[in-house]
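Notes for the one structure printed next.
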Amino acid sequence: MSGAEAVVPENLTEEQARAELERLAKEISRHDALYYRQDQPEISDADYDELRLRNEAIETLFPALIRSDSPSGRVGAAPDATFDKVTHGVAMLSLGNAFKEDDVSDFVERVRRFFKRGEADGAAFTAEPKIDGLSISLRYKKGALVLGATRGDGTTGENVTANVRTIADIPKQVRAADFPDLFEVRGEIYMTHADFAALNQRQERDGLQTYVNPRNTAAGSLRQLNPDITASRPLHFFAYAWGDASALPADTQSGMVEALARWGFPVNPLMRACASVQEMLAVHSDIEVRRAALGYDIDGVVYKVDRLDLQDRLGFVSRAPRWAIAYKFPAEQATTILKDIEIQVGRTGALTPVAKLEPVTVGGVVVRNASLHNEDEIARKDVRIGDMVTIQRAGDVIPQVLGVIEGKRDKSLKPFEFPKICPACGSHAVREVNPKTGKEDVVRRCTGGLICPAQAVERLKHFVARNAFDIEGLGTKQIEAFYEEGRVMTPADIFTLEARNARTDKPLQEKEGWGEQSVANLFNAINERRSISLDRFIYALGIRHIGATTARLLARSYDGIGSLRAAMIAAGDPEASEYEELNNIDGIGEAVAVAIVEFFAEGHNAQVLDALLEQVTPEPFEVEETASSVTGKTVVFTGTMERLSRSEAKVMAERLGAKVAGSVSSKTDYVVAGEAAGSKLKKAEALGVTVLSEDEWFALVGEG
DNA sequence: ACCCCTCGAGTTCT
DNA sequence: CTCGAGGGGT
């Protein structure tokens with residue numbers, strides 16, 4: 001590193017260093033933009049590198065001054081790069097996980113049990129290594145690659161077509177006679193260990209920042225705005241699945257992968273077909289043995305039901321297919337020192353202990369914090385501040401404390417005393433007793449409620465969360481800052497921010513980090529949300545037990561916020577018909593019903609809601625009460641349906657004017673039987689009630 | 001009275 | 001991602 005001396009700064013004072021870092025951050029980010037986005041660098045690569053080196057050298061001398069927007073923390077253009085959004089025709093799902101052999105046999109057992117006896121007993125499974133890269137969907141029309149999209153949240157990803165085209169492994173044109181007109185190939189983009197090491201060597205030689213692990217590097221390489229950068233990175237691809245397709249070349253998983261290979265897509269050579277749990281486990285241990293020699297990262301083995309017709313019938317459980325599972329390799333572990341236990345306060349008042357750790361690298365990432373879950377967990381493991389502890393990244397993502405290394409404990413360490421008062425507001429923190437079971441809750445909760453600042457901030461964060469108001473430019477950081485400055489104390493304050501900002505002594509645009517443009521953008525984003533769907537609105541209120549799903553259920557069951565509110569107030573009397581109506585919603589039981597009723601009965605909530613409704617209009621769900629072929633009929637749903645959850649089916653049937661009953665009787669007109677229907681189906685048959693399949697039901701009501 | 005599944009609420013790091 | 005609780009089916 002001979003060049004480094006030249007840029008090591010003269011004896012700077014702290015004040016000078018601060019100013020210099022600020023200047024460098026601006027300068028480097030300007031050159032980044034010129035180089036990466038406009039492709040018109042103003043300075044030579046060497047001069048650019050020198051700027052970076054100077055920045056890093058000053059940061060080494062004054063680590064306390066490292067800026068949050070420091071250029072050393074990133075490579076290339078700022079990551080706020082905007083790619084077009086792409087909605088996947090067929091969602092890109094995640095997989096259920098198995099961590100031990102029993103989980104695999106349970107999975108096989110579950111699959112077999114799903115079908116009527118014997119039908120799937122001999123069904124085969126495929127086994128293949130789970131590549132640790134990033135999922136991608138490649139759309140081909142008449143053989144031509146027309147779109148490459150990242151997984152994103154599974155439903156919506158980003159358009160990275162230009163970058164994907166630079167990857168040699170990915171065919172730009174498929175010329176097979178049997179390649180369907182429309183076909184989406186899905187697979188994993190990854191970087192080999194050798195390429196990763198070479199890239200890092202080059203970075204180091206050039207005095208540039210080195211990368212942490214192949215996975216993140218591959219992901220970063222693909223999200224470059226300039227495809228030339230992606231092209232310069234050695235990325236590879238394995239195909240293993242498909243999405244939208246006008247035709248399928250095979251009726252088994254293994255047949256599909258053979259076709260993909262025949263069409264010129266790289267497929268993993270370690271894929272095997274298995275006829276039994278024993279074989280599946282054998283493949284897992286075989287792949288685990290070869291893991292180190294593969295030359296690329298894998299984190300487990302994926303098993304899939306081979307027959308596609310069985311896959312179709314198995315369907316999905318929320319976000320994961322029932323016909324596939326990932327058997328993960330044991331997570332990497334590490335030991336480190338537990339420096340402290342911090343107590344965080346959630347929006348419901350829950351006190352959650354978090355372990356502050358001596359930073360340690362686990363699975364290619366530096367871990368500083370780890371969840372300790374709750375009071376009992378700390379007691380069970382007898383974790384004490386100062387202990388040497390073992391940690392792992394559960395499912396290779398969330399760090400958790402496994403336990404204490406006993407021999408190393410200093411005798412002076414005292415058992416951790418879980419606070420009985422809220423660290424944020426000093427109110428009592430208690431463990432509620434469940435009225436049903438008489439048992440103590442696992443979580444200790446702050447009773448401060450409205451007076452607790454920590455809860456208030458967390459509620460606001462929830463209000464702007466992704467499934468709630470989702471206001472661009474208003475994230476956790478801004479909410480915290482705005483709360484501290486007194487700009488935003490309740491949800492309605494967000495919507496009066498602009499008006500107040502115009503009058504205030506210290507308007508936003510005078511704050512550091514804010515300019516005219518960013519302030520205008522924020523107000524625009526806020527104003528866009530003055531009209532919002534009812535389900536998001538309900539979710540945003542942060543009522544206990546009401547998550548995104550239940551909020552949607554409520555939104556569908558009531559005409560609007562007004563009628564919901566009126567009904568909930570009436571339901572304060574448990575004898576009222578409104579209470580019964582609420583409790584009858586499939587998916588809402590006593591605890592949930594009580595929570596909703598209590599929320600609307602609370603005076604402060606009423607005020608907050610009134611103020612909010614002056615600013616925001618929740619749009620009700622479009623529910624056309626239609627007369628249909630099932631109007632006035634009584635319907636019972638049983639078994640597992642593919643396209644609807646049972647609660648959705650109920651809402652749908654009621655919208656069509658039908659009554660949904662819980663059990664079959666002679667008054668029942670239709671029984672709709674999904675897969676694995678049980679006693680209700682038998683009873684229907686015994687009583688001679690019409691039994692419909694899911695498809696027949698859709699046909700009957702005339703909906704696709 | 002169980003058992004299974006779904007949902008909510010908490011968490012990390014990039 | 002994990003955990004516990006709630007809800008519903010057998």
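Just so we're on the same page: letters track the sequence lines, and every chain starts at 1.
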Fill in: Nucleotide nearest A:N369 (side chain, heavy atoms from C-beta), chosen from B:dG10, B:dC13, B:dT14
B:dC13
Response to the item:
Between A:A551 and A:A370, the residue closer to the 5' end of DNA chain B by nearest nucleotide is A:A551
Discussion item. Less than 4.0 angstrom from a charged side-chain N to a carboxylate O is my criterion; do A:D132 and A:K130 meet it?
Written reply: no
Worksheet item: Toward the 5' end of DNA chain B, which comes first, A:Q344 or A:N216, by nearest nucleotide?
Response: A:Q344
Worksheet item: What is the distance, rounded to the nearest whole Å, between atom NZ of A:K356 and atom P of B:dT11?
Response: 11 Å
Worksheet item: Nearest-Å distance, CG (A:L372) to P (C:dC3)?
Response: 13 Å
Worksheet, complete the sentence: Out of C:dT2, C:dG4, B:dG10, minimum distance to the side chain of A:Q400 belongs to C:dT2
Fill in: N or O in side chain of A:T550 less than 4.0 angstrom from B:dG8 OP1/OP2
yes
Worksheet item: Could you give the CZ-to-C1' distance, from A:R466 to B:dG8, as a whole number of Å?
Response: 15 Å
Practice prompt. Return the value, rounded to whole Å, for the distance between atom CZ of A:R322 and atom C1' of B:dT6.
Written response: 12 Å
Worksheet item: Quick one: is A:R347 getting a side-chain N or O under 4.0 Å of the B:dA9 phosphate, OP1 or OP2?
Response: yes
Worksheet entry | Length of the line joining A:R544:CZ and B:dC7:C1', which is rounded to integer Å | 14 Å
Item to complete: Give one of base, sugar-phosphate or nothing for A:A219, where a contact means two heavy atoms less than 4.0 Å apart.
Response: nothing
Worksheet item: Quick one: A:K100 NZ to C:dT2 C1', roughly how many Å, whole number?
Response: 14 Å
Worksheet item: Given C:dG4, C:dG6, B:dT12, which nucleotide is nearest the side-chain atoms of A:A591?
Response: C:dG6
Worksheet item: Can you name the side-chain hydrogen bond (donor to acceptor under 3.5 Å, both in side chains) partners of A:N159, sequence neighbours left out?
Response: A:T161
Response to the item:
Rounded to whole Å, OH of A:Y539 lies from C1' of B:dC7 at a distance of 11 Å
Practice prompt. Answer yes when A:D376 and A:R431 have at least one side-chain N-carboxylate O distance shorter than 4.0 Å, and no when they do not.
Written response: yes
Worksheet item: Is any side-chain N or O of A:T549 closer than 4.0 Å to OP1 or OP2 of B:dG8?
Response: yes
Worksheet item: Rounded to the Å, how far apart are A:E158 CD and B:dT14 C1'?
Response: 14 Å
Worksheet item: Considering only side-chain heavy atoms of A:T348, which listed nucleotide, C:dG6, B:dT11, B:dA9, is closest?
Response: B:dA9
Worksheet item: Looking across every strand, which nucleic acid part, if any, lies under 4.0 Å from A:D441 by heavy atom: base, sugar-phosphate, or nothing?
Response: sugar-phosphate
Fill in: Touch class at under 4.0 angstrom, heavy-atom based, for A:V443 against every strand present
nothing
Fill in: Contact summary for A:N163 and A:F83, nearest pair of heavy atoms
ND2-CE2, 4.0 Å
Worksheet item: Just checking, any donor-acceptor pair under 3.5 angstrom between side chains of A:S135 and A:R151?
Response: no
